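The structure under discussion appears below in the form of structure tokens.
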Amino acid sequence: MLAGRNVANLFFEDSTRTRCSFTLAARRLGADVIDLTSAGSSVSKGETIVDTALNLQAMGVDAFVVRCAAAGGAHLIAKSVKVPVINAGDGRHEHPTQGLLDVLTLRQSLGDLSGRTVGIVGDIVSSRVARSALFAITSLGGHVVLIGPPTLVPRSFERFDTSPGTVRVSHDLDAELPKLDAIMMLRVQFERSGGGGGGGGGGGAIISGDYREHYGLNQARLNRLPLHAPVLHPGPVNRGLELDSDVMDDPQRSLILPQVANGVAVRMAALRIMMANRA
Ligand code: NCD
């Protein structure tokens with residue numbers, strides 16, 4: 001479908017799953033892929049990401065996939081170039097294709113999400129995955145409980161409860177477990193703990209031992225989840241912190257690798273939809 005077209009991956013922040021799955025998705029559709037990271041590009045010499053994108057567009061790039069540390073980075077590029085831009089994660093803001101692959105994985109496991117409750121646990125304040133998953137789940141009629149310590153899950157997140165009763169904040173994981181239809185664990189974002197991006201919170205606000213005791217998913221907590229409730233995590237995982245190894249590797253309950261597999265399909269769909277109507 002995309003034979004003869006060029007997709008440029010602009011990854012100004014580290015990535016394993018998202019970058020490789022966008023590359024595989026583009027190649028499976030027949031496109032050629034250019035891979036750029038800050039380290040090997042003129043961004044390290046001070047060129048702006050918009051100038052970088054304009055130069056690649058001048059070479060005939062047909063679409064951009066952008067990851068960057070600044071919220072709004074992909075949007076900034078989209079305003080300057082004439083070709084489609086897909087946000088592959090912008091700072092703490094959003095990660096739309098992750099939200100889509102999360103709901104695809106949840107639907108494969110649970111069927112219709114309407115009236116189902118998904119617990120999203122951990123470093124919500126720094127998580128672009130949490131925001132995109134929340135919008136995707138509630139768009140499909142599901143409910144979301146954002147769970148974690150007050151430093152990482154401020155009450156202000158209840159502002160996303162636009163259709164009343166669909167989004168709650170809780171600081172008590174053990175009380176929520178029996179009520180969940182699925183649980184999504186998030187990585188503690190130690191690299192965003194400096195607070196430079198605004199919004200505070202992040203890994204710096206936690207003490208690992210305490211965090212694991214109150215919010216880590218271990219076998220005992222897994223046993224208190226309903227049997228039908230799967231475990232998700234966007235990766236990369238801090239094994240033994242937010243998620244114990246035996247839970248992560250449990251083939252019956254963990255959907256972490258199926259999430260990764262679904263990422264390729266979802267990104268193929270996104271590229272096809274974004275690029276289909278353009279010659
Ligand atoms: C996430 C990201 O980079 O936002 N990973 C991913 O894309 N699968 C989550 C994270 O880094 O914790």
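First listed ligand is number 1; within each ligand, the first listed atom is number 1. All of these numbers come straight from a predicted model, not from anything done at the bench.
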Under 4.0 Å, counting heavy atoms only: does [X] come that close to any atom of ligand 1?
X: S127; result: no
X: G89; result: no
X: E13; result: no

Dump the intermediate steps for salt bridge (charged side-chain N to carboxylate O under 4.0 Å, His left out) on D244 and R212, then the final yes or no.
CA-CA 9 Å; D244 275 11; R212 184 170 190 274; 3.1 Å; yes
Can you check which of R19, R128, R17 brings a heavy atom nearest to atom 3 (O) of ligand 1?
R128
One should read off an interatomic distance between M268 CE and L2 CG, to the nearest 0.5 angstrom, of 9.0 Å
Would you be so kind as to tabulate the donor-acceptor pairs closer than 3.5 Å made by side chains of residues 135-147, with sequence neighbours excluded?
| residue | atom | partner | partner atom | Å |
| --- | --- | --- | --- | --- |
| T138 | OG1 | L134 | O | 2.8 |
| T138 | OG1 | F135 | O | 3.4 |
| S139 | OG | F135 | O | 2.6 |

List the closest protein heavy-atom neighbour of atom 8 (N) of ligand 1: residue, atom name, distance to the nearest 0.1 Å.
P234 O, 2.9 Å
[X] N/O under 3.5 Å from ligand 1 N/O:
X: R187; result: yes
X: G235; result: yes
X: V129; result: no

Need the ligand 1 atom indices (1-based, order shown) with element for anything under 4.0 Å from a heavy-atom of [X].
X: H95; answer: 2 (C), 4 (O), 6 (C), 7 (O)
X: Q98; answer: 6 (C), 7 (O), 8 (N)
X: R67; answer: 2 (C), 3 (O), 7 (O)
X: P236; answer: 10 (C), 11 (O)

Suppose we screen for side chain to side chain contact (heavy atoms under 4.5 Å, CB included). Which residues come up paired with A74, at least two apart in sequence or across chains?
V66, V85, N87
Testing L101, L106, V266 one by one against Q259 for a side chain to side chain contact (heavy atoms under 4.5 Å, CB included), which residue passes?
L101
Under 3.5 Å side-chain donor-acceptor pair for S132 and Q98
no
Does the pair R187 and D123 meet the rule for a salt bridge (charged side-chain N to carboxylate O under 4.0 Å, His left out), with working shown?
CA-CA 7 Å; R187 183 175 66 89; D123 191 353; over 6 Å; no
Check: M275 main-chain N/O paired with R5 side-chain donor or acceptor under 3.5 Å
yes
